Amino acid sequence: MVGATITGTARRGKYLWLILDGDDALLAHLGMSGQMLITSPDAAVGAHERARFTFTDGGHDLRFDDQRTFGHLMYDEGGAVLPSPIAHIARDPFDPLFDQPGVVAVIKSKRTGIKRVLLDQTVVSGIGNIYADEALWAAKVHGETPAASLSRSRISAVIEAARDVMTAALAQGGTSFDSHYVDVAGSSGYFARSLNAYGRAGRPCRRCGTPIVREKLMNGSSYSCPLCQRKR
DNA sequence: CCTGAGCCCTGGGGGC
DNA sequence: TGCCCCCAGGGCTCAG
């Protein structure tokens, strides 16, 4: 990295990368607790600071902090356009080249539940556990519904719902439950208060009043309304 | 090929 | 207070 110039930034799904001198890339994934922070050069070393980049133009430092160390940084030669380690990651719903009919067809060909497919980053990237639950709630589909049993229009509606909920979340700076989830300036987002399903076990569905139910899936928690999102 | 379980880590919170 | 278990917005590897 010494002597490199950052000439741009890019992202795909949950991966992001800094473009270096137009050809190479510094690829990053925040995992579950990673943070990219722009801080003062005098800022003390953070408790979970893993890397710090200083600049010769007298500006701020760039830090990578990560408590749980599921996040990572990787230098990738020639990876400016698309780093080779993430060539298998599908385009996300905000990508101008996102092929929605193609993605719908792939989802329909899967022999597993719709939520698992939404979380499969090789099918569609960028959707995580929270936004998958929110999209399924909005589309009134239960996450364990076999993907192949849903109509193309229903699958399309789920994707639209995911794009809508992520758009709304981005407008509010994201979903922050605690100090792990902050932007480069260290600020938290406000979308947590707008969640309709995730984390609301026992509380009334905002649509029909039925208590939201929490279930286990893939070593994690899934939240849904048992009335609006009936299992079929 | 496709699918799903296991596992990589640290730390906060609740129950006992 | 201390201890233990559970939980956490992810994704790779590998067995079946």
Side-chain angles (χ1 to χ4, degrees), chain A residues 11-17 27-36 45-51 64-74 76 83-94 105-138 143-149 161-163 165-184 187-202 212 214-224:
Chain A
R11 52 164 285 277
R12 173 175 287 199
K14 302 171 192 172
Y15 285 89
L16 62 94
W17 62 98
L27 178 64
H29 194 294
L30 303 181
M32 289 170 67
S33 55
Q35 306 175 336
M36 284 286 211
V45 175
H48 305 293
E49 183 172 331
R50 309 297 176 183
F64 181 69
D65 286 20
D66 189 16
Q67 182 213 93
R68 292 180 59 197
T69 69
F70 277 22
H72 58 265
L73 298 176
M74 189 184 301
D76 187 56
S84 51
I86 62 165
H88 64 291
I89 299 294
R91 293 183 188 279
D92 60 69
F94 296 110
V106 171
I107 293 176
K108 194 150 175 60
S109 74
K110 296 293 182 181
R111 311 180 63 79
T112 186
I114 181 66
K115 183 171 176 183
R116 296 189 104 99
V117 184
L118 287 180
L119 296 177
D120 183 343
Q121 307 294 301
T122 66
V123 174
V124 52
S125 69
I127 303 174
N129 195 42
I130 292 182
Y131 300 132
D133 277 2
E134 293 301 303
L136 290 166
W137 181 89
E144 287 171 37
T145 308
S149 75
R163 190 189 283 110
V165 71
M166 289 193 287
T167 298
L170 282 167
Q172 294 183 54
T175 307
S176 303
F177 295 120
D178 56 41
S179 60
H180 281 150
Y181 312 109
V182 296
D183 63 17
V184 291
S187 302
S188 290
Y190 295 99
F191 195 67
R193 65 184 66 167
S194 304
L195 296 174
N196 290 308
Y198 187 88
R200 304 193 71 244
I212 295 292
R214 173 186 170 196
E215 293 169 295
K216 287 288 203 173
L217 178 74
M218 296 169 69
N219 292 332
S221 296
S222 290
Y223 299 84
S224 62

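Here is the naming used below: chain letters follow the sequence lines, and residue numbers restart at 1 for every chain. Just so it is clear, the values below take in all heavy atoms, side chains as well, and ignore hydrogens, waters and symmetry mates. Here the structure is a predicted model, which is why all the values come from computation and not from measurement.
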Heavy-atom side-chain proximity of Q35(A) to F64(A) below 4.5 angstrom: no

query: Is the closest side-chain heavy-atom distance between D133(A) and S222(A) below 4.5 Å?
result: yes

- prompt: First contact, last contact: which nucleotides of DNA chain C are these for chain A, 5' to 3', heavy-atom distance under 4.0 Å?
  reply: dC7(C) to dC12(C)

query: Which whole number of Å gives the distance between the P atom of dG12(B) and that of dG11(C)?
result: 24 Å

query: Can any side-chain N or O of S125(A) pair as donor or acceptor with the backbone N or O of Q121(A) at less than 3.5 Å?
result: no

task: May I ask you to say what H48(A) touches in the nucleic acid, namely base, sugar-phosphate or nothing, with a heavy-atom cut-off under 4.0 Å?
output: sugar-phosphate

- prompt: What's the NE2-P distance between H180(A) and dG12(B), to the nearest Å?
  reply: 8 Å

field: A148(A) backbone acceptor or donor facing K108(A) side chain under 3.5 Å
entry: yes

query: What interatomic distance, in whole Å, is found between C1' of dC12(C) and the corresponding atom of dG11(B)?
result: 23 Å

- prompt: So which of residues 116-125 of chain A are in contact with DNA chain C, with a heavy-atom cut-off of under 4.0 Å?
  reply: Q121(A)

- request: Scan S221(A) against the nucleic acid and name what it touches under 4.0 Å (heavy atoms): base, sugar-phosphate only, or nothing.
  value: sugar-phosphate

- request: For the pair E134(A) (side chain) and S194(A) (backbone), establish whether a donor and an acceptor sit closer than 3.5 Å, ignoring hydrogens and angles.
  value: no

Dot-bracket summary - DNA chain C, pairs being Watson-Crick or G-U whose distances fall under 3.5 Å, with | when paired to another strand: .|||||||.|||||||

message: Considering every strand and a 4.0 Å limit on heavy-atom distances, what is the contact class for H72(A): base, sugar-phosphate, or nothing?
response: nothing

- prompt: Heavy atoms, side chains only, cut-off 4.5 Å: are L16(A) and M36(A) in contact?
  reply: yes

- prompt: Got S187(A) and V182(A) here, is their nearest side-chain heavy-atom distance under 4.5 Å?
  reply: no

message: What is the distance, to the nearest angstrom, from the CZ atom on F70(A) to the P atom on dG11(B)?
response: 13 Å

statement: In whole angstroms, the gap separating P of dC8(B) from CG of D66(A) amounts to 17 Å

- prompt: Where does the angle between the aromatic ring planes of H72(A) and H29(A) fall among parallel (under 30°), tilted (30 to 60°) and perpendicular (over 60°)?
  reply: parallel

message: So P93(A) and V124(A), do their side chains get closer than 4.5 Å, heavy atoms only?
response: yes

query: Which is true for F177(A) with a 4.0 Å heavy-atom rule: it touches a base, it touches only sugar-phosphate, or it touches nothing?
result: base

message: Tell me whether R12(A) forms a cation-pi arrangement with Y15(A), defined as NZ or CZ under 6.0 Å from the six-membered ring centre and within 45 degrees of its axis.
response: no

query: What residue among Y223(A), F191(A), Y131(A) forms ring pair (Phe, Tyr, Trp, His ring centres under 6.0 Å) with Y198(A)?
result: Y223(A)

statement: Here the distance between atom C1' of dC2(B) and atom NE2 of H88(A), to the nearest Å, is 16 Å

message: Once you apply a heavy-atom cut-off of 4.0 Å, does Y15(A) come out as touching a base, just sugar-phosphate, or nothing?
response: sugar-phosphate

